[in-house]
Each structure stands twice: as C-alpha cells, then as structure tokens.
Number of protein chains: 2
Amino acid sequence: MAEKQLRRSLAILPMSTVMALTDLSARQIRYYETQALVHPARNEGNRRRYSLNDVDRLLEVKDGLASGMDFATMRHLYAKTHQVESTQLESKRLSDERARHLLEAEMQQLAGMRPPQSGLQQHL
Amino acid sequence: MAEKQLRRSLAILPMSTVMALTDLSARQIRYYETQALVHPARNEGNRRRYSLNDVDRLLEVKDGLASGMDFATMRHLYAKTHQVESTQLESKRLSDERARHLLEAEMQQLAGMRPPQSGLQQHL
DNA sequence: TCTTTCGTGTCATAAGTTCTGACATGAAAG
DNA sequence: CTTTCATGTCAGAACTTATGACACGAAAGA
C-alpha cells in the first residue's frame, strides 16, 4: 500500500545513524552511491538523508558483496524491483514553509486519509 | 511487549529531523527538555539523538500547550505513564540488523495513529 | 499599574558532523 | 606485471548542533 511505501521513503536519517544501522563506513556508503545502488535525499545544506528503504538497500548491497555479487549485477537486479524516489522531508521544510505544507497535503492524499482521533497513548 | 518499547526507544534522529517531524523550533525542543518533558539520548559528540518515543512525547507536549496545559501538569502526567530510557545505537547493545528490523516494524505500526491536525505526524 | 514568570526568538561562539576530492593500498582480475 | 576494485585516510570547507545570554510580548500576580 501507498502508506507503507511512503513511510519507508521518508528521508530522515543522517549518515551517522545509517552507519550504525548498517555497520558500514561512510566511505562504503558513499561509494555504493557512486555505483548507483542507493540514492539518498539531501537536505538544504547538501547533507545526505536516508530513508528506511535506503538502509535496506544498503544492507542488501552488503549481503550481495559478501556473497560475491558485483555492483553491476545488483544494479540491474534492483532496477527491476525498486524505483520509488525517497521523499525529502527536511529540505523542503527548511527551504520553504509553504512547500512543506503542500508536501504534507500531498502525503496525506497519497496515504489515503484515514479517520483518526485515536490517541497514541492507548497503543503504547 | 518489550520489543515494541525497544524499537520505539532507538535513538536515531537528529535535531533537524525532529524539527521537521514536529514542526517545532530547536529552541522549543530544547526548552521542553529543560522542563524534563523529553530526555533525548546523546551521541559521542554530545549531539542529541531522538527516538520515536521522544518525537511522540514532543507532539504530546505541543498539543498540551495548545490546549492550555502547563509543563508541571504534563510532567506529572507523563510520570505516571512510565517510560523506558532511550536506547543509544552507538552503544551497540543491539545488533544493527535487529535494530533495523525493530525500527521498521515500529514505523509501520505507528502509521495511522495520529490525529490529522498535523498531517505529517501520522506517517511516522 | 508594576513586577514576575513563561515560552520563544535570536545572537554569538565553539565544537561536532558531513561533504568532496585526492592519494594510497591489499586483493583480485587480466 | 598491470589494472581494477573496494576501502581507508586526510584535508579544507561548509553545515549542524550545543550552550549561554539578552530580549520581549503575553499572562499572572501583587
């Protein structure tokens, strides 16, 4: 469903967190990007911001490498499977408040508005 | 379940992301911390790292303020609803692989629980 | 009305984080 | 033996965040 896709595409994680989550070095992570295996979003200051999709992709790459697969192969393989752009959150907000609101509205539509009112507490 | 609390406690988000997610200023977020309403973890460089629990708490505080509640009240209120300390990723208490899966599951679980008022919120 | 307290904005300064590009290297491939 | 790979590491610049201080309008008290 669109919702899940959306959530997983939110660009919210900085390099340091991704490094911890994947146990890869910044060098490796950037290198995989030059190999077109991941396409993290960027904030206004040009800092990379990763989504959960990105983190998954990196872990797949890591596994692929471990099992002797080469980048070209993985690239082709992923080309078929994935293609959703990561949704930039931070950059749009920081650069233009209005753009951010538009993004929110857009996201709500994509997510298919649901009737809330359910406090979070009760789920905790 | 313990797992749920765990994933919601992973300290993975930097200030900028939290600002975007909550639509609060850094000043506000830090102030609420001085009021003992949130307790973000810190990385090795003393930078704050927020968990999903922290983001939720901030949104609750935001709502509380909007409805005229004061900090002391909220503080007491939250004191009852005990909570777990946020888990620092950097401390490696969790395998990265596991942390990632827990986080992912939590994000999915959180979707659709929040009131529409702030649009973006419900996607996390 | 005068004085505090609150919640935030805004600055300044220091320090942590990330960016890009370049040079280096052991291992594999040719 | 020579390239190509995948990474490490360094440097310098730019971005982000931290803390502390001064300011201020709105509320609350006295």
Side-chain angles (χ1 to χ4, degrees), chain A residues 11-51 54-55 57-76 86 88-95 97, chain B residues 11-51 54-55 57-76 86 88-90:
Chain A
I12 57 178
L13 309 174
M15 179 59 88
S16 57
T17 294
V18 176
M19 286 168 58
L21 250 28
T22 63
D23 197 32
L24 289 171
S25 69
R27 183 70 169 83
Q28 292 176 296
I29 297 172
R30 297 198 195 99
Y31 182 58
Y32 300 161
E33 184 180 338
T34 70
Q35 300 305 303
L37 291 170
V38 248
H39 305 82
R42 298 279 185 141
N43 68 5
E44 277 293 295
N46 196 43
R47 266 52 201 171
R48 274 169 266 251
R49 282 299 176 267
Y50 299 83
S51 66
D54 294 324
V55 173
R57 170 61 57 77
L58 288 170
L59 289 170
E60 290 174 7
V61 171
K62 186 182 178 185
D63 285 355
L65 275 179
S67 49
M69 202 177 299
D70 65 27
F71 289 165
T73 302
M74 291 191 262
R75 199 157 33 228
H76 294 153
S86 87
Q88 294 203 34
L89 172 66
E90 188 173 7
S91 63
K92 292 197 177 185
R93 171 182 182 284
L94 294 178
S95 62
E97 191 68 15
Chain B
I12 57 176
L13 309 174
M15 178 60 88
S16 57
T17 293
V18 175
M19 287 168 63
L21 254 28
T22 62
D23 197 31
L24 289 171
S25 68
R27 183 72 168 80
Q28 291 175 298
I29 296 172
R30 297 197 195 101
Y31 183 58
Y32 300 162
E33 184 179 338
T34 69
Q35 299 306 303
L37 291 170
V38 248
H39 306 81
R42 298 278 183 140
N43 68 7
E44 295 250 328
N46 195 43
R47 266 52 204 170
R48 273 169 265 252
R49 283 298 177 264
Y50 298 83
S51 66
D54 294 323
V55 173
R57 171 59 58 79
L58 287 170
L59 289 169
E60 290 174 6
V61 170
K62 186 181 177 185
D63 286 354
L65 276 179
S67 50
M69 201 178 299
D70 64 28
F71 290 165
T73 303
M74 290 192 263
R75 198 157 33 227
H76 293 154
S86 82
Q88 297 202 43
L89 263 191
E90 266 84 53

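The analysis underlying the following values was restricted to heavy atoms, covering all of them including side chains, and did not include hydrogens, waters or symmetry mates. Below, read A as the first sequence line, B as the second, and so on, with proteins coming before strands; counting in each chain starts at 1. Being a predicted model, the structure only gives us computed values, none of them experimental.
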OP1, OP2 of dT8(C) versus side-chain N and O of Tyr32(B): anything below 4.0 Å? yes
Going through the checks in order, is the side-chain contact (heavy atoms from CB on, under 4.5 Å) test met by Arg57(A) and Tyr32(A)? CA-CA 10 Å; Arg57(A) 170 61 57 77; Tyr32(A) 300 161; over 6 Å; no
Once you round it to whole Å, what is the distance between P of dT17(D) and CG of Leu13(B)? 11 Å
Under 3.5 Å side-chain donor-acceptor pair for Arg42(A) and Asn46(A): yes
Spacing of Glu44(A) atom CD relative to dA14(D) atom C1', expressed in whole Å: 14 Å
Donor-acceptor check, side chain of Thr22(A) to backbone of Leu59(A), threshold 3.5 angstrom: yes or no? no
In whole angstroms, how far is the P atom of dT7(D) from the CG atom of Asp70(A)? 13 Å
Side chains of Val38(B) and Val61(B), heavy atoms from C-beta outward: is any pair under 4.5 Å? no
Please report the distance, rounded to the nearest Å, between CE in Met69(B) and C1' in dC6(C). 17 Å
Could you check how far CD of Glu33(B) sits from P of dT8(C), rounded to whole Å? 15 Å
Rounded to the Å, how far apart are Tyr31(A) OH and dT9(D) C1'? 16 Å
Separation of atom CG in Leu24(B) from atom C1' in dG9(C), rounded to whole Å: 14 Å
side-chain contact (heavy atoms from CB on, under 4.5 Å) with Ala66(A): which residues, sequence neighbours excluded? none
Side-chain N or O of Gln28(A) less than 4.0 angstrom from OP1 or OP2 on dT7(D)? yes
Do you know which two heavy atoms are closest between Asp54(A) and Arg49(A), and how far apart they sit? OD2-O, 4.2 Å
Return the value, rounded to whole Å, for the distance between atom CZ of Phe71(B) and atom C1' of dC6(C). 8 Å
Going 5' to 3' through nucleotides 18-30 of chain C and flagging B where a protein heavy-atom sits under 4.0 Å of the base, S where only the sugar-phosphate is that close, and - otherwise, we get BSB-B--------
